[in-house]
Asks: 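Quick one: the structure is below, and I'll ask about it shortly.
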Amino acid sequence: MYQYTCLNPISKIGLDCFGSNYAATTALEEADAVLVRSADMHTMALPKNVKCVARAGAGVNNIPLQELGKQGIPVFNTPGANANGVKELVFAAMLLAARDVVGGINWASSQVGSETVAKDTEKEKKKFAGFELYGKKLGVIGLGAIGRLVANTAIHLGMEVYGYDPYISVDAAWNLSKDVHHSKELKEIYAACDYITIHVPLMDATRGMIDAEAFTLTKPHAVLINLARDVLVDENAAMQALEEGRLAKYVTDFPNPTVLGKKGVIAIPHLGASTEESEDNCAVAAVKQIREFLENGNLVNCVNFPNCNMGVCTAASRVGVFHENVKSMISQFTTALSHTNILNMSNVSRGTLAYTLLDLEEKLPEETIRAMEAIPGVFRVYVVK
């Protein structure tokens, strides 16, 4: 029987995917797996019994990835599970920026009790007029699960789409509309597009990537949409660009003191993935990844170790070893396992961290497990079966 704990409310539809061999617990010291959404784990000390963490969502800036990696705790996320929900909000953001719908609604709400509201509407509506999306140029920065959906949908709406992603995956490229213009430089996006939307992960290389220089190139009527992470944009530079007329609107899903109340800002309270469908999809994906690891030792959508998949375990024993990515590790493992036959093995690495998964012909005695754990550079030995 495996046990799991949830640091945030997690969709029941997802939790139901655990099945009868899993039980919920509120005691972290009893849990094999942790499910999390937004809870800050940076100051949280995980007990040794915790074997994996799954983020029901894409962003993992609330999780200490490297520290958990050195404890032999893989962290999973669910990229793409909330992609459609975010995509739809992108188009809501574009429409809110193109037409003063909010201003119009607020005016209409202020007319409660007015007997002349129908007549006054015809006079006032011109104040809230705007522009159509059809025929406008949209720049999509980042063509992953979300960006690809945004680009393809915009094509169907009759927009001219420019896409920028120097690291686009083969899968994303195959599923991207052939009508999307391939921009090799961000400068082309900034200079050409009426709407710009960003969909890249937060890393050192992307922090503040839309900076003051970008706003020297944008059109005065341009709209910047940020539903990814607030710190991807230099928001002080964005506010200055709005004030000086070098940017028309900034739509953000991350209200903060820098942007709230500022001219040209439309702040949405972090609703990008806040749909029932997205929450269900993320929870289902997270639970499946936990089960895949605990039951088979496989790493799927792992963010601190590389992915590793040897399928369903049919051998007498399967063992996963989390360790430093240094030479001679494999030879030390095989020496420790010299008493048994290794049927299959996979070794993957990312930076300083590595993972080795082994299928063995017989069950490991406790002393062999202890010997492998004692090898310098080994973080954890997980005996799958």
Side-chain angles (χ1 to χ4, degrees), residues 1-5 10 14-22 31-36 46 48-58 60 63 65-66 68-81 145 169-171 281-325 329-330 333-334 337 340-351 353-364 369 372-373 378-385:
M1 175 71 71
Y2 301 103
Q3 295 192 78
Y4 65 88
T5 192
I10 302 293
L15 297 180
D16 286 346
C17 293
F18 271 125
S20 59
N21 201 30
Y22 289 78
D32 296 288
V34 172
L35 286 111
V36 62
L46 294 185
K48 290 185 177 180
N49 52 279
V50 173
K51 299 172 182 66
C52 63
V53 172
R55 161 75 163 97
V60 289
I63 304 172
L65 301 179
Q66 195 71 9
L68 293 185
K70 291 180 179 179
Q71 296 174 50
I73 300 176
V75 178
F76 311 109
N77 71 342
T78 59
S169 68
V170 173
D171 178 68
N281 292 341
C282 288
V284 168
V287 168
K288 287 182 177 179
Q289 288 160 188
I290 287 173
R291 292 193 59 178
E292 193 61 48
F293 174 65
L294 291 180
E295 297 171 29
N296 293 301
N298 296 323
L299 304 182
V300 179
N301 286 328
C302 192
V303 289
N304 57 347
F305 287 92
N307 290 336
C308 179
N309 195 332
M310 292 201 341
V312 175
C313 179
T314 58
S317 180
R318 177 174 285 184
V319 178
V321 187
F322 296 92
H323 56 92
E324 291 180 351
N325 181 25
M329 295 301 292
I330 301 302
F333 300 157
T334 56
L337 297 168
T340 186
N341 186 29
I342 299 175
L343 302 173
N344 195 10
M345 181 178 70
S346 178
N347 171 256
V348 292
S349 63
R350 176 186 295 162
L353 303 178
Y355 180 61
T356 301
L357 192 60
L358 305 109
D359 278 349
L360 307 172
E361 198 169 52
E362 58 189 62
K363 295 273 187 183
L364 287 185
I369 298 170
M372 294 183 70
E373 290 176 334
V378 169
F379 305 131
R380 177 186 293 233
V381 177
Y382 174 53
V383 180
V384 180
K385 62 179 285 192

Asks: With side chains defined as the heavy atoms from C-beta onward, is the minimum distance between V348 and N307 less than 4.5 Å?
Replies: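 They are not in contact (no side-chain heavy atoms under 4.5 Å apart), so the answer is no.
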Asks: Just by distance, do the side chain of K288 and the backbone of G14 share a donor-acceptor pair under 3.5 Å?
Replies: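 Checked: no pair found.
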Asks: Using 0.5 Å steps for rounding, measure from the CG atom of L358 to the OG1 atom of T334.
Replies: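 L358 atom CG to T334 atom OG1 measures 9.0 Å (nearest 0.5 Å).
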Asks: Parallel under 30°, tilted from 30 to 60°, perpendicular over 60°: which one fits the rings of H323 and F333?
Replies: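 Because their plane-to-plane angle is over 60°, the rings of H323 and F333 count as perpendicular.
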Asks: Under the side-chain hydrogen bond (donor to acceptor under 3.5 Å, both in side chains) rule, collect the residues that match up with N325, sequence neighbours excluded.
Replies: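 For N325, no residue satisfies side-chain hydrogen bond (donor to acceptor under 3.5 Å, both in side chains) once neighbours in sequence are set aside.
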Asks: Determine whether a donor-acceptor pair (N or O, by modelled atom type, separation under 3.5 Å) exists between the side chain of N298 and the backbone of M310.
Replies: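 Yes, the answer is positive, given that a donor and an acceptor are paired below the 3.5 Å cut-off.
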Asks: Please tell me if the side chains of F379 and V321 come closer than 4.5 Å, counting only heavy atoms from C-beta onward.
Replies: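 With C-beta onward as the side chain, the pair stays apart.
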Asks: What is the minimum heavy-atom distance between C302 and P74, and which atoms define it?
Replies: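 Scanning both residues, the minimum pair turns out to be SG-CB, 3.8 Å.
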Asks: Kindly say whether A285 contributes a backbone atom to a donor-acceptor pair with the side chain of T78 at under 3.5 angstrom?
Replies: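 Looks like no, no N/O pair under 3.5 Å.
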Asks: Is the backbone N or O of L357 less than 3.5 Å from a side-chain atom of N344, with the two atoms forming a donor-acceptor pair by type?
Replies: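 Checked: no pair found.
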Asks: If we only count heavy atoms from C-beta on, is the R55 to F76 side-chain gap below 4.5 Å?
Replies: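 Result no, sub-4.5 Å side-chain heavy-atom pair not found.
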Asks: Check for a donor-acceptor pair, side chain of N341 on one end and backbone N or O of L343 on the other, with a separation under 3.5 Å.
Replies: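 Not confirmed, N341 side chain does not pair with L343 backbone.
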Asks: What do the steps show when you test L68 against I63 for side-chain contact (heavy atoms from CB on, under 4.5 Å), and what is the final call?
Replies: CA-CA 8 Å; L68 293 185; I63 304 172; 3.7 Å; yes
Asks: Have Q289 and N301 got a donor and an acceptor in their side chains that come within less than 3.5 Å?
Replies: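 A donor-acceptor contact under 3.5 Å links the two side chains.
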Asks: Are L337 and M372 packed together at the side-chain level, in the sense that at least one heavy-atom pair is separated by less than 4.5 angstrom?
Replies: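 Heavy-atom side-chain distance check passes, below 4.5 Å.
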Asks: Output yes when a side-chain donor or acceptor of R380 lies under 3.5 Å from a complementary backbone atom of K48, and no otherwise.
Replies: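 Confirmed, R380 side chain pairs with K48 backbone.
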Asks: Looking only at atom types and distance, does a side-chain atom of Y382 sit under 3.5 Å from a main-chain N or O of L294, one as donor and one as acceptor?
Replies: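 Yes, because the side chain of Y382 sits within donor-acceptor range (under 3.5 Å) of the backbone of L294.
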Asks: Check T340 against E362 and note the closest heavy-atom contact, atom names and distance.
Replies: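 What the structure gives for the nearest pair is OG1-CG, 3.0 Å.
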Asks: Applying side-chain contact (heavy atoms from CB on, under 4.5 Å), run through C313 and D359 and close with a yes or a no.
Replies: CA-CA 8 Å; C313 179; D359 278 349; 4.3 Å; yes
Asks: Do the side chain of R350 and the main chain of F305 share a donor and acceptor less than 3.5 angstrom apart?
Replies: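 Checking the backbone N and O of F305 against the side chain of R350, a donor-acceptor pair under 3.5 Å is found.
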Asks: Looking only at non-hydrogen atoms, find the nearest pair between Y355 and C308 and report the distance.
Replies: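 Result for this residue pair: CD2-CB, 3.9 Å.
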Asks: Taking side-chain hydrogen bond (donor to acceptor under 3.5 Å, both in side chains) as the test, write out the residues that go with R291, two or more places apart.
Replies: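 If we apply the side-chain hydrogen bond (donor to acceptor under 3.5 Å, both in side chains) test to R291, skipping adjacent residues, the hits are E295.
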Asks: Show the nearest heavy-atom pair for residues I73 and C52, with the distance to one decimal.
Replies: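 Scanning both residues, the minimum pair turns out to be CG2-CA, 3.8 Å.
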Asks: Using side-chain contact (heavy atoms from CB on, under 4.5 Å), reason through V319 and V381 one step at a time and then give a plain yes or no.
Replies: CA-CA 7 Å; V319 178; V381 177; 3.5 Å; yes
Asks: When rounded to the nearest 0.5 angstrom, what is the spacing between NZ in K51 and CD1 in I290?
Replies: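 Here the rounded value is 12.0 Å.
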Asks: Answer with yes or no after comparing the ring centroid distance for F18 and Y4 against a 6.0 Å cut-off, counting only values under it.
Replies: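 Ring centres of Y4 and F18 closer than 6.0 Å.
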Asks: CZ of F322 to CG of L353: how many Å apart, nearest 0.5 Å?
Replies: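 Taking CZ in F322 and CG in L353, the distance rounds to 10.0 Å.
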Asks: Go through the steps to decide whether I369 and V383 satisfy the test side-chain contact (heavy atoms from CB on, under 4.5 Å), and finish with yes or no.
Replies: CA-CA 8 Å; I369 298 170; V383 180; 3.5 Å; yes
Asks: Going by heavy atoms in the side chains, are V303 and L65 under 4.5 Å from each other?
Replies: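 SC-SC contact between V303 and L65 confirmed.
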Asks: Which atom names give the shortest non-hydrogen contact between E361 and A316, and what distance separates them?
Replies: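 Here E361 and A316 meet closest at O-CB, 3.3 Å.
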Asks: Do the side chain of N77 and the main chain of A58 share a donor and acceptor less than 3.5 angstrom apart?
Replies: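 Judged by distance alone, yes, a pair lies under 3.5 Å.
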Asks: Short question: side chain of R318, backbone of N296 - any donor-acceptor pair under 3.5 Å?
Replies: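 Yes, the answer is positive, given that a donor and an acceptor are paired below the 3.5 Å cut-off.
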Asks: Kindly give the heavy-atom pair with the smallest separation between I10 and A56, and that separation in Å.
Replies: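 Looks like CD1-CB, 4.2 Å.
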